[in-house]
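The figures here come from the full heavy-atom set of this structure, side chains too, leaving out hydrogens, waters and symmetry mates.
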Amino acid sequence: MIRVRDVSRRSSKGHEPATSVQICGRTGERRRVPALAGTAARAVLLAACAAASFAAAAQDLLIRNATVHTAGPQGTLQAADVLVQGGVIRAVGSALSAPAGVAVVEAGGKPLTPALFGGITAIGIEEVSGESATDDASLTLKEQPVRPEFDVTLAYNPASVLIPVARVEGLGFTLLGATTGGAFVAGQGGVVRLDGSADPIGSRALFIRLGSAASGLSGNSRAAQWMLLDQLVAEARGRMPADSPHALLTPAGRATLARYLAGQGRIVVAVNRAADIRQLLRWAAREKVRIAIAGGAEAWKLAPQLAQAQVPVLVDALADLPADFDQIGATLENAARLHAAGVAVAFTQAGDASHNARKVRQLAGNAVANGLPWEAGLAGLTRIPAQAFGVAEQIGTIAPGRRADLVLWSGDPLDVAHTAEQVWLDGRAQPMRSRQTELRDRYLRQAGPLPRAYD
């Protein structure tokens with residue numbers, strides 16, 4: 001058994017609390033690790049303990065005395081325990097006993113949440129933004145540029161250095177998004193867990209961009225986007241001959257789009273202007289398709305209609321200024337107003353979302369600071385995106401039967417002043433290090449004139 005026991009206490013001089021760890025092997029042999037100070041030390045010790053366990057026990061643990069934010073119907077449970085066996089959550093409650101051979105982690109009342117959603121990113125399909133050879137997120141073809149069959153998950157690299165960078169910040173899954181290259185219909189993506197596995201989970205999502213940001217891909221008019229969408233639907237539904245000289249889709253493209261028109265997967269639409277969102281809702285109702293909105297800077301203006309249509313909105317809660325004419329109505333209260341109307345609100349960020357996926361916590365925290373209830377903020381990083389993209393039976397909440405994708409935090413997970421102390425995916429403790437932490441440690445100054453790297 002591995003037992004991690006927090007015996008912290010703060011000295012009269014205000015020093016950080018010490019941490020004492022006892023490691024018990026399978027034979028019951030016990031040794032004590034010297035006390036270390038600080039959050040980073042605790043995280044290192046937790047990771048070291050997990051690595052020391054034998055393989056069969058790596059997925060079994062009992063997290064004891066945590067503030068468990070389930071992100072589900074049970075809400076927040078004080079002084080609660082979570083039992084994990086075989087990589088799956090088996091029980092959530094008080095005073096749970098640890099079966100033989102199960103690691104025990106003493107949480108000391110700290111917050112425990114599901115692993116967080118990183119938003120729509122290109123983690124694993126974009127390594128270096130400025131190097132095209134490492135960017136597989138977009139497609140640009142001169143002939144037949146509209147290729148909905150394009151699937152970015154086929155290029156996913158589970159060994160990407162961006163994965164541990166995001167994971168040490170408490171992120172456990174992300175939605176790989178196709179970005180617009182030669183057409184406003186970008187292609188498909190899917191949910192991947194940041195555990196090193198090679199394949200996505202759940203169904204695919206189709207990505208479309210509407211509004212002024214895509215008008216250059218549609219004859220310099222957003223009106224043309226609806227004209228082209230109507231033709232694409234006509235082709236996919238067989239109302240236009242496949243051999244027409246004016247056809248936009250390949251046979252594979254027609255089959256792919258037909259699946260989404262039949263409700264098999266969600267269409268994610270990047271759109272901001274209220275007028276465009278209104279047209280989108282009309283189009284989705286007419287064609288009977290399942291959509292989600294990414295961005296939605298002016299979505300709050302149509303909050304009742306979005307709630308009635310059950311359209312989830314992934315907002316950038318840092319968007320408070322009109323970056324363009326589609327975002328004149330941007331407000332920090334966007335998420336709060338949408339939630340108050342009954343809209344399912346999740347989070348994603350514009351800009352360099354892949355290399356700075358950690359900022360998604362700041363988005364949720366800002367939304368809470370501007371009126372969104374705290375529990376809704378957490379749900380927007382866990383349960384709601386899992387539900388929106390068809391993986392809620394596996395991840396997104398802390399409940400029996402769910403995968404044990406968990407994070408123990410030093411404090412409020414929606415406050416960037418606090419950090420992830422330990423991440424577990426399928427019950428396995430993940431190394432709390434990344435290329436960034438290794439570079440930090442390499443160049444961290446010590447006593448003497450030069451950084452440690454120059455010893």
Side-chain angles (χ1 to χ4, degrees), residues 69 71-72 75-76 111 113-114 116-121 169-171 173-175 177 211 266 268-274 276-278 280-281 291-324 326-351 353 356-389 392 396-397 412-418:
H69 300 288
T76 297
T113 70
L116 304 185
F117 174 61
I120 302 171
T121 72
E169 300 288 343
L171 307 186
F173 68 111
T174 187
L175 177 63
R266 196 177 288 276
V268 181
V269 184
V271 62
N272 282 305
R273 197 174 74 166
D276 298 328
I277 295 172
R278 183 179 295 109
L280 174 63
L281 289 173
I291 63 170
I293 289 175
E298 294 188 350
W300 61 271
K301 295 184 177 183
L302 294 165
Q305 295 93 317
L306 289 164
Q308 183 177 10
Q310 298 183 338
V311 174
V313 180
L314 290 83
V315 303
D316 183 346
L318 296 181
D320 66 332
L321 294 173
D324 54 45
D326 285 12
Q327 301 182 60
I328 291 176
T331 171
L332 290 175
E333 296 181 357
N334 191 10
R337 295 177 186 180
L338 288 167
H339 173 77
V343 178
V345 177
F347 299 97
T348 193
Q349 57 179 311
N356 291 289
R358 70 191 68 175
K359 287 171 58 180
V360 76
R361 286 201 298 134
Q362 184 181 359
L363 268 64
N366 272 36
V368 170
N370 287 276
L372 183 70
W374 191 94
E375 293 284 355
L378 179 65
L381 293 177
T382 52
R383 184 187 77 250
I384 289 174
Q387 290 173 338
F389 301 110
T397 54
D412 184 349
L414 303 189
D415 183 346
V416 295
H418 298 290

Q) Looking only at heavy atoms, what is the nearest atom pair of G396 and P114, with distance? A) O-CG, 3.7 Å
Q.
As a test of understanding, state which of K359, Q362, R358 forms a side-chain contact (heavy atoms from CB on, under 4.5 Å) with V416.
A. Q362
Q. CG/N356 to OG1/T121 distance, rounded to the nearest 0.5 angstrom?
A. 11.5 Å
Q | Pairwise side-chain contact, L280 with I291, heavy-atom cut-off 4.5 Å (strictly under) | A | yes
Q. So how far is it from N366 CG to R361 CZ, rounded to the nearest 0.5 Å?
A. 12.0 Å
Q | Residue list, salt bridge (charged side-chain N to carboxylate O under 4.0 Å, His left out) with R266, at least two apart or on another chain | A | none
**Q.** Partners meeting side chain to side chain donor-acceptor pair (under 3.5 Å) with T348 (sequence neighbours left out)
**A.** none
Q: Output all residues satisfying side chain to side chain donor-acceptor pair (under 3.5 Å) with D326, sequence neighbours left out; order by chain, then residue number.
A: S212, R222
**Q.** From CZ (F173) to CZ (F389), nearest 0.5 Å
**A.** 9.5 Å
**Q.** Minimal non-hydrogen separation, P111 against P413, with atom names
**A.** CB-CD, 4.3 Å
Q.
If I compare all heavy atoms of V268 with all of A294, which pair ends up nearest, and what's the gap?
A. CG1-CB, 4.1 Å
Q | D415: partners by side chain to side chain donor-acceptor pair (under 3.5 Å), with sequence neighbours left out | A | none
**Q.** Pairs touching residues 329-345 that satisfy salt bridge (charged side-chain N to carboxylate O under 4.0 Å, His left out), sequence neighbours left out
**A.** E333-R337
(Q) Are the side chains of V315 and L338 in contact, using a 4.5 Å heavy-atom criterion? (A) yes
Q | Close side-chain approach of L381 and L414, heavy atoms under 4.5 Å | A | yes
Q: Go through L306 and I277 one step at a time and tell me if the side chain to side chain contact (heavy atoms under 4.5 Å, CB included) criterion holds.
A: CA-CA 9 Å; L306 289 164; I277 295 172; 4.2 Å; yes
Q) For the atom pair CD1 (I328) and CG (N272), what is the distance rounded to the nearest 0.5 Å? A) 11.5 Å
Q) Are any of the side-chain heavy atoms of Q349 and L318 separated by less than 4.5 Å? A) no
Q. What closest approach, in Å, do G380 and P385 show between heavy atoms, and which atom pair accounts for it?
A. O-CD, 3.5 Å
**Q.** N370 side chain vs A336 backbone, donor-acceptor pair below 3.5 Å
**A.** no
Q: For N334 and A297, work out which heavy atoms get closest and say how close.
A: ND2-O, 3.6 Å
Q) So which heavy atom on H418 is nearest to which on D412, and how close? A) CD2-N, 3.4 Å
(Q) Rounded to the nearest 0.5 Å, what separates atom CG in L302 from atom CG in L281? (A) 6.5 Å
**Q.** Test side-chain contact (heavy atoms from CB on, under 4.5 Å) applied to A392 - qualifying residues, sequence neighbours left out
**A.** A386, Q387
**Q.** Residues in salt bridge (charged side-chain N to carboxylate O under 4.0 Å, His left out) contact with E375, at least two apart in sequence or another chain
**A.** none
(Q) If the condition is side-chain contact (heavy atoms from CB on, under 4.5 Å), which residues does A367 pass it with, not counting sequence neighbours? (A) A317, A335, F347, L372
Q) Listed by chain and number, what are the side-chain contact (heavy atoms from CB on, under 4.5 Å) partners of P373, not counting sequence neighbours? A) H339, A376
Q | Qualifying side chain to side chain donor-acceptor pair (under 3.5 Å) pairs, either residue in residues 300-317, two or more places apart | A | none
Q | Test salt bridge (charged side-chain N to carboxylate O under 4.0 Å, His left out) applied to R383 - qualifying residues, sequence neighbours left out | A | none
Q.
List the residues meeting side-chain contact (heavy atoms from CB on, under 4.5 Å) with A323, not counting sequence neighbours, and say none if there are none.
A. Q327
Q | Gap separating the OG1 atom of T174 from the CZ atom of F117, nearest 0.5 angstrom | A | 5.5 Å
(Q) Between D320 and T331 (side chain of the first, backbone of the second, donor and acceptor by atom type, cut-off under 3.5 Å), is there such a pair? (A) no
